[in-house]
A.B. asks: 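Okay, handing you the structure first.
The first residue of the sequence shown is numbered 1, and numbering continues consecutively from there. Because the structure is predicted, anything quoted here is derived from the model rather than measured.
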Amino acid sequence: SIREVGGELLVLARDPLKVVQLFGGALVSKTTTLIAFALSVQAFGVYGIGFAALSLAYMTANTVASMAPTPGGVGAIEAALVAVLTGLGVEAASALSIVLVFRLITYWMPVPVCWFFLGRVRRAGIVFRPLRERPVTQLNMVWRKNAGSPVLRKFLDEVRRVGARG
């Protein structure tokens, strides 16, 4: 509920480092994506559109594409980006090329890299394994007794519920 979210935001606000990590990380991530988009546009010789206009165009396209129920916005984000670029005066063929290169670099190229490292992490035994495949273990948890976090309460209720099933 809104009250629970407000409570969590107040808890978060008491720790400035977490606020910086949360919003700073999101800011760096989005800024990096916007820079990659602007550089992709410039790589195809389109120089007449400013960074602010390209950023607004990207965020608009991303917002529109997020309504499509596809993983990672595949298909929808490409169509929306081509539409906003052509709306900014970029020729359709150039817009399509720009978008395909941009998505190749920012969406598809990281996949094999992540797949490789995920395999390495799995070999180290760090990846999540379903509980039904693990032997029974004792679970010990520590938390502040009067912690008012509704998320913590729900988590503890779920742990108790799962623990009661054995």
Side-chain angles (χ1 to χ4, degrees), residues 1-40 52 54-84 99-166:
S1 75
I2 292 175
R3 183 171 285 142
E4 290 173 342
V5 170
E8 288 302 310
L9 288 175
L10 287 174
V11 170
L12 177 67
R14 291 185 190 119
D15 189 346
L17 180 61
K18 284 188 179 184
V19 172
V20 169
Q21 288 172 332
L22 174 67
F23 293 106
L27 178 66
V28 167
S29 174
K30 187 55 71 181
T31 302
T32 304
T33 301
L34 295 172
I35 290 170
F37 183 61
L39 290 174
S40 298
L54 286 172
S55 297
L56 181 61
Y58 175 82
M59 289 187 280
T60 301
N62 197 35
T63 301
V64 170
S66 69
M67 292 183 240
T70 59
V74 174
I77 187 67
E78 288 83 0
L81 286 171
V82 169
V84 296
V99 169
L100 291 178
V101 166
F102 168 71
R103 288 289 279 175
L104 176 69
I105 292 169
T106 61
Y107 187 78
W108 291 108
M109 282 180 65
V111 170
V113 174
C114 293
W115 178 77
F116 171 77
F117 283 106
L118 179 61
R120 294 183 61 89
V121 170
R122 281 189 179 154
R123 281 191 288 277
I126 298 172
V127 172
F128 168 80
R129 306 270 193 259
L131 289 175
R132 65 180 171 275
E133 295 177 7
R134 291 187 174 206
V136 176
T137 59
Q138 181 177 349
L139 173 65
N140 296 310
M141 298 181 358
V142 178
W143 66 92
R144 279 185 251 135
K145 186 173 185 174
N146 296 324
S149 168
V151 173
L152 175 62
R153 280 194 305 263
K154 288 181 181 180
F155 173 75
L156 293 173
D157 290 344
E158 184 64 18
V159 168
R160 289 180 188 114
R161 186 183 66 77
V162 170
R165 289 190 308 200

A.B. asks: What pairs meet the side-chain hydrogen bond (donor to acceptor under 3.5 Å, both in side chains) rule with one or both residues in residues 11-22, with sequence neighbours excluded?
C.D. replies: none
A.B. asks: Tell me, which pairs form a salt bridge (Lys or Arg N to Asp or Glu O under 4.0 Å) where one or both residues lie in residues 64-73, sequence neighbours left out?
C.D. replies: none
A.B. asks: By side chain to side chain contact (heavy atoms under 4.5 Å, CB included), which residues pair with L56, not counting sequence neighbours?
C.D. replies: T60
A.B. asks: Check residues 65-72 and write down every donor-acceptor pair under 3.5 Å in which the side-chain atom is one partner and the other belongs to a residue at least two apart or another chain.
C.D. replies:
{"from": "S66", "atom 1": "OG", "to": "T63", "atom 2": "O", "distance (Å)": "2.6"}
{"from": "T70", "atom 1": "OG1", "to": "V74", "atom 2": "N", "distance (Å)": "3.3"}
{"from": "T70", "atom 1": "OG1", "to": "V74", "atom 2": "O", "distance (Å)": "3.2"}

A.B. asks: For V64, which residues count as a side chain to side chain contact (heavy atoms under 4.5 Å, CB included) partner, sequence neighbours excluded?
C.D. replies: none
A.B. asks: Please list all pairs passing the side-chain hydrogen bond (donor to acceptor under 3.5 Å, both in side chains) test where one or both residues lie in residues 103-113, with sequence neighbours left out.
C.D. replies: E78-R103
A.B. asks: With V101, which residues qualify under side chain to side chain contact (heavy atoms under 4.5 Å, CB included), at least two apart?
C.D. replies: F44, I105
A.B. asks: Considering residues at least two apart in sequence or located in another chain, which fulfil the salt bridge (Lys or Arg N to Asp or Glu O under 4.0 Å) criterion with E4?
C.D. replies: K154
A.B. asks: Considering only residues two or more places apart or on different chains, which pairs with a residue in residues 56-68 satisfy salt bridge (Lys or Arg N to Asp or Glu O under 4.0 Å)?
C.D. replies: none
A.B. asks: Which atom names give the shortest non-hydrogen contact between L22 and L12, and what distance separates them?
C.D. replies: CD2-CD2, 3.6 Å
A.B. asks: Which donor-acceptor pairs under 3.5 Å do side chains of residues 30-40 form with protein atoms, sequence neighbours excluded?
C.D. replies:
{"from": "T31", "atom 1": "OG1", "to": "L27", "atom 2": "O", "distance (Å)": "2.7"}
{"from": "T32", "atom 1": "OG1", "to": "V28", "atom 2": "O", "distance (Å)": "2.7"}
{"from": "T33", "atom 1": "OG1", "to": "S29", "atom 2": "O", "distance (Å)": "3.0"}
{"from": "S40", "atom 1": "OG", "to": "A36", "atom 2": "O", "distance (Å)": "2.8"}

A.B. asks: With sequence neighbours left out, what residues match V20 under side chain to side chain contact (heavy atoms under 4.5 Å, CB included)?
C.D. replies: none
